[in-house]
Amino acid sequence: MIEQIIANQTAKIINDAFGLALAPSQIQVQKTVKDFEGNITVVVFPFVKVAKKSPEQTGQFIGEKLLENCREITNFNVVKGFLNLEIDTNYYLDFLEKNRKNNRFGFVETHDRASLQPTVLEYSSPNTNKPLHLGHIRNNLLGWSVAEILKANGYDVKKVNLVNDRGIHICKSMLAWQLYGSGETPENTGIKGDHLVGKYYVKFDQVLKSQVAEMVENGTEKEEAEKTVPILLEAQEMLRKWEAGDEQIRSLWEMMNSWVYAGFDETYKKMGVDFDKIYYESETYLLGKEIALKGLEDGYLTQRDDSSVWADLTDEGLDEKLLLRKDGTSVYMTQDLGTAKLRYDDYHAEKMIYVVGNEQNYHFDVLKIVLKKLGYAWADSISHLSYGMVELPEGKMKSREGTVVDADDLIESMVETAKKTTEELGKIDNFESEEANTLYRTIALGALKYFILKIDPVKNMVFNPNESIDFNGNTGPFIQYTHARIRSLIKRSGLENLEEKTPALSVAEGSNVNILEKEKQILMLLHDFPSVVKQAGDNLSPALIANYAFDLAKEFNGFYQDIPVLKEENQNLREFRLVLSKFTADVLKNALGLLGITAPERM
């Protein structure tokens, strides 16, 4: 790639002229800002001191040397400490010719890293007391996309899910159903299983608040009432029975969880996400308890007078962390100790990445420290992909109060919005009914996924469904439509064997092709795709892919509006523009694919 060529040459010039040994990676090479002439810029400020020249003189010196030794450079200019280089158009044409038939352009083949251990990436991690909601959507889409981006960078990725299927929150739904459910099931109500269980989680909270209010009215302090409210004590007793293996409680738990799993599977299928392995907290918490008790025995952990077990992290600038309650029951940290150990034993992973919201930053700091205290050297392989919360324009969501946006409902409402918008624009006049319905869902999911993923993961975001479905602007449907437009263009060209054609891609003297600046801009963007994929992998950020796809689609549409393709009279130039267009569509399809978005052939 041209950036690497320039970095290598610049490092050599600095070393030869000034005796400063620099690695090419230390040379700052970037795209030239649009307001200035040039394609690639080298930042020369770091060399001014050793060159003993002004920034302008240093840039001039390096520019002359690059022009002399690098055939890809045709001209340069210096603006203060920035050396702006103009790249020979033939370089980009050669790039197009070498890569235009590569359907996996931008991706590193897995075998290049086959000797490395896998990367395990956990995402989703739902609780079986409620259905998936908008917050889960961001988690699932982000986790799945990051996994695909890492695969595109040559990593062997194992996608895993940890289902939180036990604990006090699960018992709350179970108890509420036991007390108020009157035998309701998904079959006899027609309610999706995870929705039905979620209904009783909300019911538990309603009853709890009512009982607390009654206790306070009868003279109990609110803080005391919240700790001793009858329905909460019943749920805590149910958890103790569950951990003791009570057959009746276990049977109820298995039945209600089976309803939830069926519901989850349906939602995952709608979202287009999957997993290589699913772990269950009910299968890992006992291992976590064993690890905690072994740590206590070895003196790494402490036990208080009430028999609770703690990790003292004050030496690390943190506080003490509870690992086992006084009644011997587990907490989230206990489960995560067991899951981490089991997962490492399963995969001996190079990295273990947890995709979890930023409200859990402290939790994962503690997890790593506790594991290291307990002697697990692989704790350093753990990293937390911390992402911001997703809200609606009207504010935050609360599961216990039933104010969350259900994932299934949101997806279906997006499909209806896509249908309405598409029909109003008259984009499906020639579609059969089944094909049109497939397109509505494709557009809806494209809109949803793009809107979620175009935001940097670390940022909080506000999701506005109406803004996401727009065939103009920075949206998924805009990029999908650009792809479909190009496929239609190729089909109308009649050049079904376009892949086999080899037009004279050269602007040398006597050439049949002399490309325009807008065409060169598209070529430069296409050339950037592999580096964008790498950067997205390094930063675990699908947003870089999303915004690249938008920039490429926007640049192509500007070209298409101003420059003739099928009406171009010069055959070689027409075929070049078709080749350029098709390669653009291929790259858009690859980019969208990394986001889990389908690129329609027609819209």
*Let me see the working for Trp177 and Leu252 under side chain to side chain contact (heavy atoms under 4.5 Å, CB included), right down to the final yes or no.*
CA-CA 10 Å; Trp177 182 87; Leu252 173 62; 3.5 Å; yes
*Where do Ile353 and Val120 land on the side chain to side chain contact (heavy atoms under 4.5 Å, CB included) test, with the steps shown first?*
CA-CA 6 Å; Ile353 303 171; Val120 177; over 6 Å; no
*Check the pair Asn437, Arg441 against side chain to side chain contact (heavy atoms under 4.5 Å, CB included), reporting the backbone distance first and the verdict last.*
CA-CA 6 Å; Asn437 288 330; Arg441 190 161 293 274; over 6 Å; no
*Is there a side chain to side chain contact (heavy atoms under 4.5 Å, CB included) between Met238 and Gln178 once you walk through the steps?*
CA-CA 11 Å; Met238 180 177 277; Gln178 195 177 55; 3.5 Å; yes
_Evaluate Phe463 against Phe451 for ring-ring contact (aromatic ring centres under 6.0 Å, His included), listing each step before the verdict._
CA-CA 7 Å; Phe463 177 70; Phe451 199 97; 5.3 Å; yes
*Going through the distances and angles, do Asn139 and Tyr387 end up as a side-chain hydrogen bond (donor to acceptor under 3.5 Å, both in side chains)?*
CA-CA 8 Å; Asn139 181 292; Tyr387 64 90; 3.0 Å; yes
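Shortest non-hydrogen contact noted between Thr128 and Asn257 is OG1-OD1, 2.9 Å. Residues Gln480 and Pro600 approach most closely at CB-CD, 3.7 Å, considering heavy atoms. Of all non-hydrogen atoms in Lys589 and His483, the two that sit nearest each other are CB-NE2, 3.9 Å. Here the shortest heavy-atom pairing between Asp409 and Asp406 reads N-OD2, 3.0 Å. The minimum heavy-atom distance between Ala418 and Ile443, with the atom names listed, is CB-CG2, 4.0 Å. Smallest separation of non-hydrogen atoms from Leu592 and Ala599: CD1-CB, 4.0 Å.
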N/O donor to acceptor pairs below 3.5 angstrom from side-chain atoms of residues 363-372, sequence neighbours left out:
from: His363; atom 1: NE2; to: Asp336; atom 2: OD2; distance (Å): 2.6
from: Lys368; atom 1: NZ; to: Ile382; atom 2: O; distance (Å): 3.1
from: Lys372; atom 1: NZ; to: Asp380; atom 2: OD1; distance (Å): 3.1

Acceptor/donor pairs from residues 299-319 side chains to any protein atom, 3.5 angstrom cut, sequence neighbours excluded:
from: Gln303; atom 1: NE2; to: Ser307; atom 2: O; distance (Å): 3.1
from: Arg304; atom 1: NH2; to: Glu320; atom 2: OE1; distance (Å): 2.8
from: Asp306; atom 1: OD1; to: Ser308; atom 2: N; distance (Å): 3.0
from: Asp306; atom 1: OD1; to: Ser308; atom 2: OG; distance (Å): 2.6
from: Ser308; atom 1: OG; to: Trp310; atom 2: NE1; distance (Å): 2.7
from: Asp312; atom 1: OD1; to: Thr314; atom 2: N; distance (Å): 3.0
from: Asp312; atom 1: OD1; to: Thr314; atom 2: OG1; distance (Å): 2.7
from: Asp319; atom 1: OD1; to: Tyr362; atom 2: OH; distance (Å): 2.2

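A salt bridge is absent between Asp265 and Lys269; no separation between the charged side-chain nitrogens and carboxylate oxygens falls under 4.0 Å. The existence of a salt bridge linking Lys277 and Glu122 is excluded, since no basic side-chain nitrogen approaches an acidic carboxylate oxygen closer than 4.0 Å. One finds no salt bridge joining Asp345 and Arg343 here, because no Lys/Arg side-chain nitrogen approaches an Asp/Glu carboxylate oxygen to under 4.0 Å. By the 4.0 Å N-to-carboxylate-O rule, Lys159 lies close enough to Glu148 to be salt-bridged with it. Using a cutoff of 4.0 Å between basic side-chain nitrogens and carboxylate oxygens, Asp156 and Lys158 are scored as salt-bridged. Of the charged side-chain nitrogens involved, none lies within less than 4.0 Å of a carboxylate oxygen, so that Asp246 and Arg250 do not count as a salt-bridged pair.
Annotation: side chain of Met414 is in contact with side chain of Ile469 (closest heavy-atom distance under 4.5 Å). Here the side chains of Ile149 and Pro542 are in contact, with some heavy-atom distance below 4.5 Å. Residues Val202 and Gln206 have side chains in contact (heavy-atom distance under 4.5 Å, counting atoms from C-beta outward). Looking only at side-chain heavy atoms (C-beta outward), Tyr376 and Ile291 come within less than 4.5 Å of each other. A 4.5 Å side-chain heavy-atom check between Val212 and Val216 finds at least one atom pair inside the cut-off. For the pair Lys321/Met333, a side-chain contact is recorded, criterion being any heavy-atom separation below 4.5 Å from C-beta on. The closest side-chain heavy-atom distance from Phe550 to Tyr450 is below 4.5 Å. Counting only heavy atoms from C-beta outward, the side chains of Leu439 and Phe431 approach each other to under 4.5 Å.
Neither side chain, Trp253 nor Asp165, offers a donor N or O lying under 3.5 Å from an acceptor on the other. No side-chain N or O of Glu416 forms a donor-acceptor pair with one of Tyr440 less than 3.5 Å apart. With no hydrogens or angles considered, a side-chain donor-acceptor pair links Tyr268 and Asn161 at under 3.5 Å. Side chains of Thr475 and Asp470: a donor-acceptor N/O pair is absent below 3.5 angstrom, by distance only. Side chain to side chain, Lys192 and Thr267 meet the donor-acceptor criterion of an N or O pair below 3.5 Å.
Within the 3.5 Å criterion, the main-chain N or O of Gln535 finds a donor-acceptor partner in the side chain of Asn539. Side-chain N or O atoms of Asn188 include one that pairs as donor or acceptor with a backbone N or O of Thr185 at under 3.5 Å.
Applying the side chain to side chain donor-acceptor pair (under 3.5 Å) rule to pairs touching residues 226-239 yields Glu237-Arg240, sequence neighbours excluded.
Other residues, nucleotides and ligands contribute over 12 non-hydrogen atoms within 6.0 Å of the NZ atom of Lys270. Annotation: Glu359, atom CD; neighbour count of heavy atoms from other residues, nucleotides and ligands within 6.0 Å is above 12. Annotation: Glu223, atom CD; neighbour count of heavy atoms from other residues, nucleotides and ligands within 6.0 Å does not exceed 12.
In this structure, Arg166 forms a cation-pi arrangement with Tyr285, its terminal cationic atom sitting closer than 6.0 Å to the ring centre and no more than 45° off the ring axis. Stacking of Lys172 on the aromatic ring of Tyr201 is not recorded, the 6.0 Å distance cut-off and the 45° axial limit not both being met.
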